[in-house]
Trainee: 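First the structure, which I've put down as structure tokens, then a few questions once you've had a look.
Basis for what follows: all heavy atoms, side chains included, without hydrogens, waters or symmetry-related copies. To find a chain, count down the sequence lines: A is the first, B the second, and so on, and within it residues start at 1. Since this is a predicted model, take the numbers as computed values, not measurements.
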There are 2 protein chains.
Amino acid sequence: MSRTSKRRGELVDVLEGLLRDMAARGVLVHQAIADRFGLNSTDLKALDLARGEPNLTAGRLAEITGLSTSAVTALLDRLERAGFVERRRDPADRRRVFVVSTGRHEEELTRIFGLMSERMRDVLRRYDDERLAVAVDFLGAVNDAARDVMPEITGREPAE
Amino acid sequence: MSRTSKRRGELVDVLEGLLRDMAARGVLVHQAIADRFGLNSTDLKALDLARGEPNLTAGRLAEITGLSTSAVTALLDRLERAGFVERRRDPADRRRVFVVSTGRHEEELTRIFGLMSERMRDVLRRYDDERLAVAVDFLGAVNDAARDVMPEITGREPAE
DNA sequence: TCGAATCTCTCGACGTATCGAATTATTTGC
DNA sequence: GCAAATAATTCGATACGTCGAGAGATTCGA
């Protein structure tokens, strides 16, 4: 093996260690946010899912979270009481309830990541445009990999 | 503003969006791992902490988690039953109980991140050594930023 | 050596999240 | 129109995690 390949191998190892640290730290950060607002991880997950689907109903939330409909009712009570979502009856079918985000979750995330951005500004300043592009490309690849690996962890199909 | 600066600004915005996606995904991955082994987030947190301290005792775990000693006893029961840790009495002071990792947690993480590595191999192959170095540097910076921002979220001091 | 201090565990109680079954309100199909 | 189907909620039961008080074992200090 050439000297270059050896150095590459070391870098890849370092990279993997960094990824693990980052994953662990990400969990701690989210847990800290959840604690701050008195939410549990189920609630947080529901909030994230609510962000993705535009016309989310309570029943649909039960489907994608795997909870019973009664559990979802209790969950929505908690989220509504904490000011993260609102219930809004569907005018077209008044049995149904839309779950709409109040934007508070987004606000909080923006605040947190704003703090992080400040810390990272110094780092990004050291990068020329090309390096910045590498960082963007790499991060996108990490996200894709994380998405692809999910079904193998849960043992379920990707979409339900 | 020059054309170059404008492009930079866009890249930074994209980067921030990617960071948020990654954080959300990291939580989902860890949650999935926890579910798979019947652990809750408190248990996972304790496992992470156990990895850091070499001679961890039950009492010390109560301190750093903020749980009561009885809660820690129950927590250790769960972790021990699931095969993640072992209790080992301190020969020097037989009142105390050391919490030692069986390595199962490490194993599982290695397996998960191994799956991710496979997915990422194609991406890394596209990088020359210099780009790889950029990825490593950047990831390190993200981790540092996440670490620094924690106390501002929790409102507590960094170390206790 | 003997009492106080320390470390962990046990026990009983409490809060909370979840479930299944029954309930209410509304829509759909005949 | 009226019965069946559907959406969400309420209610009672259950499981689980946590706490506080106290017990048991061990060590420390006079």
Trainee: Hey, are the side chains of A:Thr73 and A:Asp77 touching, using non-hydrogen atoms and a 4.5 Å cut-off?
Mentor: yes
Trainee: Sugar-phosphate means primed atoms, P, OP1 and OP2; the rest is base. With that split, encode nucleotides 12-17 of chain C 5' to 3' as B, S or - using protein heavy atoms under 4.0 Å.
Mentor: -----S
Trainee: Under 3.5 Å, is there a donor-acceptor pair between the side chain of A:Arg104 and the main chain of A:Ala82?
Mentor: yes
Trainee: If we ignore hydrogens and angles and just use 3.5 Å, is the side chain of A:Arg89 paired with the main-chain N or O of A:Arg94 as donor and acceptor?
Mentor: yes
Trainee: Taking DNA chain D as the partner, which of residues 68-77 of chain A come within under 4.0 angstrom of it by heavy atom?
Mentor: A:Thr69, A:Ser70, A:Thr73
Trainee: Tell me: CZ of A:Arg96 to P of C:dT28, nearest whole Å?
Mentor: 10 Å
Trainee: Is there a continuous path of hydrophobic side-chain contacts, each under 4.5 Å between heavy atoms, that joins A:Val97 to A:Leu61?
Mentor: no
Trainee: Please list each protein N or O that sits under 3.5 Å from an N or O in nucleotides 27-30 of chain D, with the distance.
Mentor:
{"unit_1": "D:dT27", "atom_1": "OP1", "unit_2": "B:Arg94", "atom_2": "N", "d": "3.2"}

Trainee: Please verify the inter-ring angle class for A:Phe138 with B:Tyr127; under 30° counts as parallel, over 60° as perpendicular, anything in between as tilted.
Mentor: tilted
Trainee: Whole-Å distance between D:dT10 C1' and A:Arg87 CZ?
Mentor: 12 Å
Trainee: Does A:Val99 reach the side chain of A:Leu76, with side-chain heavy atoms less than 4.5 Å apart?
Mentor: yes
Trainee: Please compare B:Val97 and A:Leu67 by the position of their nearest nucleotide in DNA chain C and report the one closer to 5'.
Mentor: B:Val97
Trainee: Can you check whether A:Asn40's main-chain N or O pairs, donor with acceptor, with A:Arg78's side chain at less than 3.5 Å?
Mentor: no
Trainee: Regarding B:Arg88 and the six-membered ring of B:Phe98, is the cationic atom NZ or CZ under 6.0 Å from the ring centre and inside 45° of its axis?
Mentor: no
Trainee: For the pair made of CZ in B:Arg89 and P in C:dT6, what is the distance, rounded to whole Å?
Mentor: 18 Å
Trainee: Measuring from atom OG1 of B:Thr57 to atom CG of B:Asp93, what distance do you get when rounded to the nearest 0.5 angstrom?
Mentor: 9.5 Å
Trainee: Quick check against the 3.5 Å criterion: does B:Glu86 have a side-chain atom that pairs as donor or acceptor with the backbone of B:Thr102?
Mentor: no
